[in-house]
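Report on the structure given below.
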Protein chains: 2
Amino acid sequence: MTKVTKGANRRATINDVARAAQVSRQTVSNVVNRPDRVAPDTRARVEAEIERLAYRPSSAAKSLREQRAGAVGLELNTLGHGRRGDIIYSFTVELSIGARGHDCHIVTFGSDSDRPSITGYEAMVRARLVDAFVLADTHHDDPRPAWLDKAGIPYATFGRVWDAPDFTGWADVDGAAGTSAAVDHLVAEGYSRVGFLGWPEGSATGDDRRRGWREACERHGIYRESLQASTIQELHPAEEAAAPLIEAVGTGGAIVCVSDVIALAVQQVLLQSGRRPGIDLGITGFDGSPLAEMNDISSVEQPLDQIADELLSQISDRLAGQPLPEQGTLLTPTFVPRASSRRGVEHA
Amino acid sequence: MTKVTKGANRRATINDVARAAQVSRQTVSNVVNRPDRVAPDTRARVEAEIERLAYRPSSAAKSLREQRAGAVGLELNTLGHGRRGDIIYSFTVELSIGARGHDCHIVTFGSDSDRPSITGYEAMVRARLVDAFVLADTHHDDPRPAWLDKAGIPYATFGRVWDAPDFTGWADVDGAAGTSAAVDHLVAEGYSRVGFLGWPEGSATGDDRRRGWREACERHGIYRESLQASTIQELHPAEEAAAPLIEAVGTGGAIVCVSDVIALAVQQVLLQSGRRPGIDLGITGFDGSPLAEMNDISSVEQPLDQIADELLSQISDRLAGQPLPEQGTLLTPTFVPRASSRRGVEHA
DNA sequence: CGCGAGCGTTTGAACGTTCACAGCCACGGC
DNA sequence: GCCGTGGCTGTGAACGTTCAAACGCTCGCG
């Protein structure tokens with residue numbers, strides 16, 4: 001007797017509703033999918049039964065019939081935290097929330113290998129588990145776009161695809177607008193010199209954020225006093241790069257950082273030298289990660305909900321046979337001020 | 001002409017394989033699911049065709065026939081980061097990786113409301129999108145276990161269910177073993193007094209970790225010199241609680257923290273007073289979060305891959321009709337030493 | 001030599017849905 | 001009064017899979 005007794009009472013099917021409402025199953029289907037084709041009183045009767053029996057179409061049956069999974073795949077890997085400054089989780093959440101509105105759902109799959117490979121994608125496609133993918137961390141020499149193109153699987157990416165400038169199926173954050181807003185805020189708070197601590201040149205995202213800082217400084221007429229340095233997305237190297245920049249900007253100055261991790265490094269160095277964030281030196285980060293929130297660091301928050309929604313819309317369009325959009329979607333982030341960039345507020 | 005031309009060449013079905021291998025579809029099905037029932041040469045022929053045609057059973061058809069989704073639901077919410085110290089993402093990844101081995105997949109769904117409600121669960125169940133759930137953050141007065149029990153939906157939880165001591169469908173980390181290992185390490189490194197900074201009493205997880213610290217201190221005969229304090233899982237309150245404890249333990253002492261966030265708070269306070277982690281005061285955290293890694297804080301790393309695997313196994317068993325296990329599964333975490341608890345190593 | 005058992009294979013049915021089309025009815029124009 | 005039309009509802013088929021049962025073959029036994 002190892003057989004399962006499937007949940008006390010079997011869930012209602014379209015036939016149960018049809019029988020209860022004294023119509024055929026097709027009429028029930030129409031009520032759900034093409035309400036306009038059904039006479040008002042019939043519709044009301046069917047809708048009442050749907051409600052009463054708590055009927056919801058079986059996604060498996062629908063998938064089989066429609067030859068589509070109604071699902072979008074998302075690869076999660078253990079590298080996720082490093083890249084994109086720790087917001088991958090929030091992005092995954094927003095995607096999961098947004099999926100309901102696009103009547104699909106998110107299926108995650110993982111790869112434990114270091115380099116993301118296409119085997120996971122292939123498995124998903126072959127099992128017809130998903131119709132499309134969201135790529136969250138495209139990088140240089142990424143094999144995935146080409147493979148997906150060849151296989152004819154639609155996808156949309158969070159961030160531009162470096163190797164393929166012609167590809168427009170992306171949504172991204174306007175990095176320049178973000179750092180620009182940070183500089184505006186710092187100037188308004190009265191910081192006189194504004195430095196920038198970025199990634200080494202050559203990363204599109206990093207260069208974009210640097211440009212926003214430079215342009216804003218020029219606009220405020222403080223560019224000549226400003227300085228920049230570069231580092232990679234790790235705490236210790238960042239701390240080494242931070243120290244001289246802090247001295248160069250001096251007390252009463254501020255540093256706009258290319259990411260929250262870098263901003264944290266700056267704050268650490270500052271604290272070790274006995275100075276107070278905000279009061280002695282302004283600091284802003286980028287990404288709106290929990291890291292920044294926890295450490296009371298001002299940050300440029302990415303509109304992840306909008307990005308998720310945009311990507312899902314694009315995927316819907318691709319699945320409906322529409323061509324790629326004219327151009328990618330650039331969304332404006334929000335600057336969130338915290339103690340690290342307020343001169344008057346004591347940093348707890 | 002908005003109709004989609006579905007990916008150049010339709011993917012192979014069981015019938016295509018059957019025709020190519022000159023057998024019936026059921027024989028192909030047997031080769032895949034019950035290879036022992038098929039004659040060796042037939043099997044070889046069929047397997048060759050499966051390989052050649054890149055056949056993989058359609059999950060939709062399988063779901064419909066077997067009346068099960070072959071999927072496990074996981075709720076992700078925006079609160080995730082705060083709770084469980086930021087390891088939710090890593091847990092999600094491990095679950096996604098582990099799913100393949102249990103031939104199922106993970107479907108995530110989100111709730112944007114603050115309090116986790118059961119509406120998301122209900123939607124998943126009604127659409128037959130998932131067969132079971134993993135609950136990652138059960139808490140006091142959690143309505144979900146009772147609702148799932150009533151609905152007859154299996155689930156397994158990461159962490160014990162407070163309100164239901166009889167429920168054994170959980171996997172958790174042996175918190176006491178973790179803090180105990182931390183104390184062992186600190187004593188071996190030569191720290192003489194070991195304090196504990198925990199959460200307020202009454203949380204099972206927190207009390208467990210505190211007990212491990214106390215028992216290890218007793219074992220090493222240093223309990224009388226040890227001290228404890230309590231705080232909540234937020235940076236600023238933690239910093240306030242940390243300051244007096246740091247003074248009480250004194251230079252050459254160490255503090256075992258109930259979480260990485262708390263450990264970070266201790267390190268921040270220490271740095272602000274010009275002292276060096278590890279050298280002047282030992283610090284250990286708990287969770288193995290990226291936060292600890294980035295800040296070079298020793299931590300007790302949770303075996304998330306094992307937990308994910310165990311939970312998926314339990315779900316498989318429940319779906320196969322087996323009863324709840326005798327007791328929950330307690331897994332041993334690993335202590336990972338870093339600069340914050342090495343007396344000789346300079347903290348960069 | 002007949003018969004049951006066992007093995008490997010095939011066949012029919014079913015899972016729940018939607019599409020294409022057929023049917024029914026009422027209405028209006030000729 | 002007949003037929004075409006348009007609005008609404010019902011019927012058969014199909015999506016790809018697995019289960020239950022039937023089938024044909026070989027073998028061993030009486």
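Residue numbers begin at 1 in each chain, while the letters A, B, ... track the order of the sequences. Note: hydrogens, waters and symmetry copies are ignored here, and every other heavy atom, side chains too, is used.
From B:Lys62, atom NZ reaches atom CG of B:Asp103 across 6.5 Å, with rounding to the nearest 0.5 Å.
Within the 4.5 Å cutoff, side-chain heavy atoms of A:Val134 are placed close to those of A:Phe91. At a threshold of 4.5 Å between non-hydrogen side-chain atoms, the residues A:Trp170 and A:Leu330 count as touching. Residues A:Phe158 and A:Leu304 are in side-chain contact: their nearest non-hydrogen atoms beyond the backbone lie under 4.5 Å apart.
What separates CZ of B:Arg37 from P of D:dA22 is a distance of 16 Å, to the nearest Å. In this structure, A:Gln67 places its CD atom 14 Å from P of D:dA14, rounding to the nearest Å. Rounding to whole angstrom units, CG of residue A:Asn15 and P of D:dG10 are separated by 12 Å. As rounded to whole Å, 9 Å separates atom C1' of D:dT9 from atom CG of A:Asn30. Protein atom CD of B:Glu66 is 15 Å distant from nucleotide atom C1' of C:dG16, rounded to whole Å. Distance, A:Arg68 CZ to C:dC19 C1': 15 Å, rounded to whole Å. The CG-C1' distance, from B:Asp36 to C:dG6, rounds to 14 Å in whole Å. When the C1' atom of D:dA14 is taken as reference, atom CG of B:Leu64 falls 12 Å away, rounded to whole Å.
Counting only heavy atoms from C-beta on, A:Asn33 has its side chain closest to C:dT18 among C:dT10, C:dC15, C:dT18. When distances run from any side-chain atom of B:Gln26 to the nucleotides D:dT17, C:dT11, D:dA14, the shortest one goes to C:dT11. For B:Thr13, counting side-chain heavy atoms from C-beta on, the closest listed nucleotide (C:dT10, D:dT18, D:dG16) is D:dG16. Closest to the B:Lys62 side chain, of the nucleotides D:dT18, D:dT11, C:dT17, is D:dT18. Between C:dT17, D:dT17, D:dT9, one nucleotide has an atom nearer to the side chain of B:Arg65 than all others, and that is D:dT17.
Backbone-only engagement by B:Thr42 is indicated by non-hydrogen atom pairs under 4.0 Å involving sugar-phosphate atoms exclusively. Nucleic acid contact for A:Thr27: sugar-phosphate only, since backbone atoms but no base atoms lie under 4.0 Å from a heavy atom of the residue.
A residue-by-residue look at A:Val38 and B:Tyr55 shows that A:Val38 has its nearest nucleotide of DNA chain D further toward the 5' end. In terms of position along DNA chain D, the nucleotide closest to A:Pro40 lies nearer the 5' end than the nucleotide closest to the other residue of the pair A:Pro40 and A:Arg25.
Nearest approach of A:Ala308 to A:Leu95, heavy atoms of both residues: CB-CD1, 3.6 Å.
Taking 4.0 angstrom as the limit, A:Ser58 places none of its side-chain polar atoms (N or O) nearer than this to OP1 or OP2 of C:dG16.
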